[in-house]
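Below: one structure, written as structure tokens.
As the structure lists them, so they are numbered: ligands from 1, and atoms in each ligand from 1. Residues take their numbers from the sequence shown, with the count starting at 1.
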Amino acid sequence: MWLLALAQFGDFRERNGVTAKAIIGDLFTMVDDPTIVGPKQAYRYIPGGMMVVENGIITAIGPQADVQPTLVPGTEVRDHSGQLITPGFIDTHIHFPQIDMIASYGEQLLDWLENYTFPAEAQYSDPAHAADAAEFFISELLRNGTTSALVYGSVHAQSVDALFEAAHTRNMRLVAGKSLMDRNVPDAVRDTAESGDSDSRMLADKWHGKGRLGYAVTPRFAPACSDEQLMRAGKMLQEYDGLLMHTHMSENTAEIAWVAELYPEAKDYLDVYDSFGLLTDHSVFAHCIHLGGDEFQRMSEANAAIAYCPTSNLFLGSGLFHLKEAEKYGVKVGIGSDVGAGTSFSILTTMAEAYKVGQLRGHKLDPMKSFYLATLGGANALNMGDRVGSLEVGKEADFLVYNMTATPLLARRLKHCKSIEETLFVLSILGDDRVVAETCIAGEKAYFQQPD
Ligand code: GUN
Ligand code: ZN
């Protein structure tokens with residue numbers, strides 16, 4: 001299959017005179033869900049591999065000995081021999097306006113929102129503050145190896161504008177939306193059903209489909225949105241092509257009790273969103289810690305996705321996500337950092353916490369599943385798995401080059417690894433931003449570590 005792809009794209013290169021890049025390294029990618037096809041069938045590992053990128057798209061990948069002879073003259077060769085290369089990470093749930101209050105002490109969800117989060121988000125009405133924060137936020141994603149993300153903005157349209165602007169400049173495949181919140185929140189972060197709707201439409205008209213960007217209709221969570229607001233969100237979702245729906249669900253027991261009080265007629269939390277047309281195959285629900293079997297079943301039937309955010313769930317004391325239940329019902333799952341309730345931008349650090357949650361739940365999260373959640377699984381959860389999330393011919397070339405000696409302990413431990421499975425497990429437990437030597441977006445270097 002590789003050779004066929006090579007021949008096809010070789011012709012294309014000659015016809016069009018495109019300048020290609022060839023990247024040499026130990027290429028690792030997930031190509032399927034290990035839960036479905038088994039861990040060995042779900043990945044490809046090509047030590048001493050070569051990947052060719054043209055116009056931001058992967059046009060060939062295989063052993064260097066096979067790919068090298070097909071290179072057209074003038075191909076730029078980037079030699080990362082001996083270094084691991086994987087797809088970039090996909091963060092399926094993160095908050096842009098929470099970078100100034102991450103690591104806030106002592107509260108669980110509802111008090112944490114009131115005491116720390118809403119006051120910090122209120123600052124994002126200032127376009128200068130938002131622009132400065134957007135630069136920081138996007139740089140931090142790239143420094144941690146995150147090449148795509150589904151992002152919550154603040155309630156203010158101007159802050160989401162700033163975020164899109166910064167992501168567009170870096171050519172990132174990123175989806176974001178302004179937070180819809182018209183009740184039970186302070187005035188400084190409250191919109192109305194009408195203004196929330198018109199701001200969302202204005203932002204979607206401006207940014208959805210521009211470069212690699214997408215828009216997500218983003219109701220904060222049911223307690224912060226009136227019926228009128230949720231109804232308009234469902235309508236907008238229907239009227240535009242390819243939008244995502246992004247919200248929170250079933251994170252905290254006090255939150256769930258509040259939703260039951262607000263919607264006594266609803267069967268459960270999911271039913272509230274469903275009744276407004278928000279349960280779709282383009283819907284991403286963060287957390288879902290306390291879902292019942294019937295809710296998992298309906299999520300699966302709708303082909304909706306869960307953003308699993310272990311650092312956040314532990315930090316806020318929200319609970320332990322049942323990954324096995326999601327797998328049993330066949331619900332799409334991706335990993336989310338959920339900064340600033342989450343405590344790290346690093347998806348590797350997030351994977352380590354997911355492993356520990358698995359231990360507490362009595363199951364082993366194997367490294368292949370973990371890398372699947374962090375890459376292709378996340379991409380599938382965001383309905384972009386046909387474009388990003390794996391290193392395969394025809395996909396966009398968002399990838400990472402690793403520094404395997406980033407810390408003395410990591411360098412020492414990795415020497416004892418006897419398989420790619422063990423190497424990836426160790427990286428997921430000991431690794432963080434320090435192991436990301438280079439982040440490439442559509443084949444171009446978007447971040448690289450400065451030498452010491
Ligand atoms: N539920 C509603 N808003 C939020 C938020 O900002 N973070 C988390 N973790 N949960 C929420
Ligand atoms: Zn969140």
Side-chain angles (χ1 to χ4, degrees), residues 91-104 106-124 137 149-156 159-160 175-186 188-191 196 216-225 229-230 233 244-259 262 269-270 272-273 278 283-291 305-321 334-345 347 350 353 378 381-382:
D91 190 336
T92 60
H93 180 70
I94 183 165
H95 295 257
F96 158 50
Q98 295 182 8
I99 49 180
D100 295 318
M101 47 65 69
I102 184 172
S104 288
E107 305 294 2
Q108 295 211 348
L109 178 64
L110 299 177
D111 293 328
W112 174 84
L113 284 170
E114 195 174 312
N115 296 342
Y116 299 119
T117 314
F118 294 145
E121 294 195 7
Q123 305 304 312
Y124 284 70
F137 180 83
L150 174 57
V151 187
Y152 253 81
S154 73
V155 72
H156 317 96
S159 86
V160 182
V175 184
K178 82 148 224 108
S179 200
L180 295 164
M181 38 208 284
D182 70 344
R183 65 167 173 171
N184 296 322
V185 296
V189 290
R190 193 187 311 162
D191 57 10
V217 177
T218 309
R220 180 103 204 189
F221 64 160
C225 304
Q229 186 158 62
L230 292 176
L244 294 185
M245 198 292 297
H246 185 197
T247 193
H248 297 94
M249 180 166 69
S250 247
E251 176 178 5
N252 166 287
T253 50
E255 168 213 11
I256 295 166
W258 193 14
V259 171
L262 291 168
Y269 202 156
L270 182 62
V272 175
Y273 291 127
L278 300 173
S283 301
V284 182
F285 296 92
H287 309 302
C288 299
I289 299 167
H290 308 283
L291 290 192
I306 295 173
Y308 171 27
C309 309
T311 75
S312 163
N313 300 162
L314 295 170
F315 181 73
L316 290 181
S318 303
L320 306 175
F321 178 64
I335 283 263
S337 68
D338 195 23
V339 161
T343 47
S344 174
F345 270 76
I347 292 296
T350 312
E353 298 310 284
L382 305 190

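- Proximity of a side-chain donor or acceptor of His290 to a complementary backbone N or O of Glu251 within less than 3.5 Å is detected.
- To the nearest 0.5 Å, the span separating CG on Asp338 from NE2 on His287 amounts to 4.0 Å.
- Atom-to-atom distance recorded for Met181:CE and Cys225:SG is 8.5 Å, nearest 0.5 angstrom.
- Ring planes of Tyr273 and Tyr269: parallel class, angle under 30° (limits at 30 and 60°).
- Remark: distances from the non-hydrogen atoms of Glu255 to ligand 1 are all 4.0 Å or more.
- For the atom pair Thr247 OG1 and Arg220 CZ, the distance stands at 9.5 Å (nearest 0.5 Å).
- Aromatic rings from Tyr152 and His248 are positioned such that their centres are separated by under 6.0 Å.
- Excluding waters, the set of protein N, O or S atoms lying under 2.8 Å from the Zn ion (ligand 2) comprises His93 NE2, His95 NE2, His248 NE2, Asp338 OD1.
- Of all protein heavy atoms, the one lying nearest to atom 7 (N) of ligand 1 is Trp112 CZ3, 3.5 Å.
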Task: Working for side-chain contact (heavy atoms from CB on, under 4.5 Å), residues Phe285 and His246 - done: CA-CA 6 Å; Phe285 296 92; His246 185 197; over 6 Å; no

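- Judged purely by atom type and a 3.5 angstrom limit, Glu353 has no side-chain atom pairing as donor or acceptor with the backbone of Thr311.
- Using a 4.0 Å cutoff on heavy atoms, Tyr152 does not count as a contact of ligand 1.
- Ranking the protein heavy atoms by distance from atom 3 (N) of ligand 1 puts Arg220 NE, 3.0 Å first.
- Ligand 1 places these atoms under 4.0 Å from at least one heavy atom of Ala341: 9 (N).
- Near Asp338, meaning under 4.0 Å from one of its heavy atoms, ligand 1 places the atoms 8 (C), 9 (N).
- Checked by atom type and distance alone, the side chain of Arg183 never pairs as donor or acceptor with a backbone atom of Ala224 at under 3.5 Å.
- Looking only at protein heavy atoms, the nearest one to atom 10 (N) of ligand 1 is Glu251 OE1, 2.7 Å.
- To the nearest 0.5 Å, the span separating CD1 on Ile289 from CG on Leu320 amounts to 8.0 Å.
- Residue Thr117 has no nitrogen or oxygen atom sitting less than 3.5 Å from a nitrogen or oxygen atom of ligand 1, judged on distance alone.
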